[in-house]
Amino acid sequence: MSKSQEPQVDLKLAESFGLNTEEYQSILKIMGRTPSYTELGIFSVLWSEHCSYKNSKAMLKLFPTRAAQVLQGPGENAGIVDIGDGLGVAMKVESHNHPSAIEPYQGAATGIGGILRDIFTMGARPIALMDPLYFGSLDDAHVRHLFGGVVSGIADYGNCVGVPTVGGSVFFDESYTTNPLVNVLALGIVENKKIMKGIAKGIGNIILAVGATTGRDGIHGATFASEELSEQSAAKRPSVQIGDPFTKKLLLEATLELIDSGLAVGIQDMGAAGLTSSSIEMASRARTGIEMDVSKIPLRETGMTPYEIMLSESQERMVVVAPPENADKIKALFDKWELHCAVIGRVTGDGKVRIKWQDEVFADIPVKALVDDAPVYHRESKEPEYLAELHKFDQGKVEQPKDLNKTLLQLLAAPTIASKRWVYKQYDHQVRTNTAVLPGSDAAVLRVRGTKKAIALTTDCNGRYVYLEPFTGAAIAVAEAARNLACSGARPLGLTDCLNFGNPYKPEVFYQFKRSVEGIIAACNSLQIPVISGNVSFYNESLTHSVYPTPLIGMVGLIENLADITTQWFKQEGDVVYLAGNLSSKPDIGGSEYLKTVHKLVTGKCPELDLEKEKALHSFLLSAISSKLLRSAHDCSEGGVAVALAECCISDLSTSQEKIKVNLSAGPNPSPERRGELGLDADISGLAGRSDLKLFAENQSRAIVSCQAADVEKLEAEAKRLGVEVMKLGKVGSNRFVIKGMVDLPVSELRKAWEEAIPDKMR
């Protein structure tokens with residue numbers, strides 16, 4: 001192995017690595033010479049959008065990140081919020097979009113692997129996964145291939161590693177046909193005194209590579225994630241890593257044991273850009289240098305060069321920094337778990353990253369140049385011309401359906417609204433037995449062992465809203481996530497975001513990004529929810545178009561008492577049903593699922609959002625739940641009031657813990673008839689607008705709640721005290737779903753349309 005054998009570096013090679021002319025000239029100036037091939041590779045991945053956030057960093061700095069409960073904000077592997085009792089919740093969401101578009105099974109699986117490493121690297125034991133997914137129409141055979149592969153990859157990896165997938169979301173629209181969005185969120189519990197950070201501190205401390213061996217898979221994966229998909233993308237399958245969940249399980253346990261032992265001072269996972277980003281970012285945080293001999297790294301392929309070793313994204317690997325006297329103990333620990341462990345270098349005080357193969361130096365670069373001096377761009381922002389045209393939409397000209405029964409069934413069968421049981425039945429939701437509310441309610445809920453507390457978790461973003469109005473659409477994503485938590489009895493603690501957009505060099509795309517960030521900031525400030533971690537995924541484009549701008553929001557909340565856990569489905573015949581929240585706003589079907597599914601239109605403005613009314617609704621929900629006044633609570637979102645009411649009747653049989661216990665006495669797999677059907681007898685004539693608008697407009701800051709008849713006066717008094725509008729709609733009935741003068745259907749027919757839509761498409 002000799003440096004003289006490396007290819008010659010020039011501008012053409014730099015451009016093939018994703019660097020532009022200006023960036024290459026900056027590298028020449030920094031180095032005072034032409035960089036080596038390995039050095040150029042290191043610059044190219046650390047200066048890629050995926051690692052440096054060069055086109056987004058200026059905006060991301062504006063996020064509100066501080067609050068009393070925040071133990072760790074953005075900048076580490078995951079954010080952490082305090083939940084009391086000496087415990088914290090670590091949370092992070094990331095994307096694996098491009099890999100999943102090329103190789104859906106491994107792309108999704110390794111996305112799970114990467115996000116899990118971010119959690120247990122912090123010292124937190126992962127206890128939950130969520131999978132917010134965005135695909136094209138299921139009428140497209142290739143989309144069905146991608147969808148099936150992604151779901152299988154998530155299921156197999158999560159099930160094998162023993163972390164439950166407790167929820168998520170699936171959104172279908174032609175915008176995502178060739179570029180699906182595969183976002184993955186992980187959450188873990190950590191003892192606050194055991195929080196570990198990715199830092200290479202202590203001059204003279206050793207650097208160890210632990211876990212699996214290193215191969216050629218995933219080389220330039222970070223660069224691949226920082227460019228548009230094209231006809232040549234399929235040839236970049238080597239940029240997609242190969243996951244190994246069984247090794248991941250061993251690595252998880254070994255890492256947590258290492259942290260418990262106190263033998264290490266810093267740990268970082270080898271994620272995007274592999275050893276390059278992990279080691280150099282650790283040095284940057286500590287303001288130190290590192291020297292590594294990559295000939296000592298355990299390899300699974302012969303003839304690998306320093307360039308390949310540094311850029312490999314082989315899975316299930318970590319970097320550990322520890323005092324040299326702990327080397328033998330750390331080696332013994334990883335031997336016990338049958339994992340590789342090798343001392344590959346040391347921490348230095350000269351502020352440089354020095355990469356060697358035995359005695360020959362292949363790279364010698366200032367750490368500051370790679371991290372602090374990475375380019376930061378303020379891109380041109382220009383409002384897209386399509387917005388002015390779409391905002392001219394007049395909903396009064398939309399023809400009202402003659403058969404509203406048929407329209408409701410059509411919406412319940414729309415894949416975005418339909419039951420996602422086909423997806424989540426492939427996941428193990430209850431491994432580790434923490435899951436208190438299974439997939440299918442407004443939020444997943446997990447109990448916190450050793451306490452009376454629970455944590456609720458949700459993900460939200462309607463990309464169609466953001467496409468129509470980036471600022472308001474992104475703010476709605478935050479508001480809806482918080483509303484879902486409040487409906488479950490949880491007070492929001494913090495959020496993580498995955499900002500999925502097209503090419504930031506296009507002014508119209510950067511406008512969408514900029515306004516979306518501003519919308520998130522406005523909602524966070526109003527609702528007092530800090531941003532604790534996140535990810536940016538640009539270049540989500542195909543040959544013809546960008547995906548809808550999709551700033552996904554993941555949010556965690558705390559339920560102080562397990563007895564306050566609330567679910568969305570009706571509980572008992574005779575309970576009184578209310579619509580609570582912003583009831584005075586005019587109905588608007590712009591951007592609605594009704595307009596898209598029934599009228600084949602994506603136009604108008606997204607629903608208005610009054611953040612003060614949103615905040616008041618959350619206060620009412622949490623107060624009424626803690627006072628034991630509510631039997632159920634469900635957010636009104638896609639499909640409007642009619643769909644929300646229908647879901648309150650039909651979502652229980654596939655998800656309800658209470659129902660499952662009742663079913664045990666009825667024998668195995670009782671039929672719906674034997675379990676009984678809860679229906680509805682309601683009147684929504686008090687809402688403004690014509691019938692289809694009352695039913696299907698997606699006005700924000702609304703929730704369907706139910707209470708016992710004896711609690712009606714108390715509930716109405718609490719709403720009045722908190723300044724929240726409530727409207728009595730009717731009562732929970734049996735067997736039939738009736739909205740006076742508009743809809744009258746058997747509940748069994750609603751359930752059939754809702755539950756069978758996706759399985760029928762996937763056959």
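Only one option out of His599, Glu698, Gln410 pairs with Tyr594 in a side-chain hydrogen bond (donor to acceptor under 3.5 Å, both in side chains); it is His599.
Of all the heavy atoms in Ala418 and Ile758, the pair that sits closest is CB-CG1, 4.5 Å. Residue Ser95 comes nearest to Asn183 through the heavy atom pair CB-ND2, 3.4 Å, listed as atom of the first residue, atom of the second, then distance. Nearest heavy-atom pair across Ile565 and Ile559 is CG1-CD1, 4.0 Å. Contact detail for Ser651 and Trp569: the closest heavy-atom pair is OG-CE3, 3.6 Å.
Judged by distance alone, with hydrogens and angles left aside, the side-chain atoms of Thr407 form a donor-acceptor pair with the main-chain N or O of Asp403 at under 3.5 Å.
Between Tyr176 and Phe135, the ring center distance fails the sub-6.0 Å criterion. Centroid-to-centroid, the aromatic rings of Tyr134 and Tyr548 stay 6.0 Å apart or farther.
Once rounded to the nearest 0.5 Å, the distance linking CD of Glu647 with CD of Glu638 reads 9.0 Å.
Salt-bridge check for Arg751 with Glu756: failed, with every basic side-chain N at 4.0 Å or more from each acidic carboxylate O. The pair Glu94-Lys92 meets the salt-bridge criterion, since a charged nitrogen lies less than 4.0 angstrom from a carboxylate oxygen.
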Problem set entry | Stepwise salt bridge (Lys or Arg N to Asp or Glu O under 4.0 Å) test for Lys392 and Glu389 | CA-CA 6 Å; Lys392 294 177 183 177; Glu389 188 61 33; 3.4 Å; yes
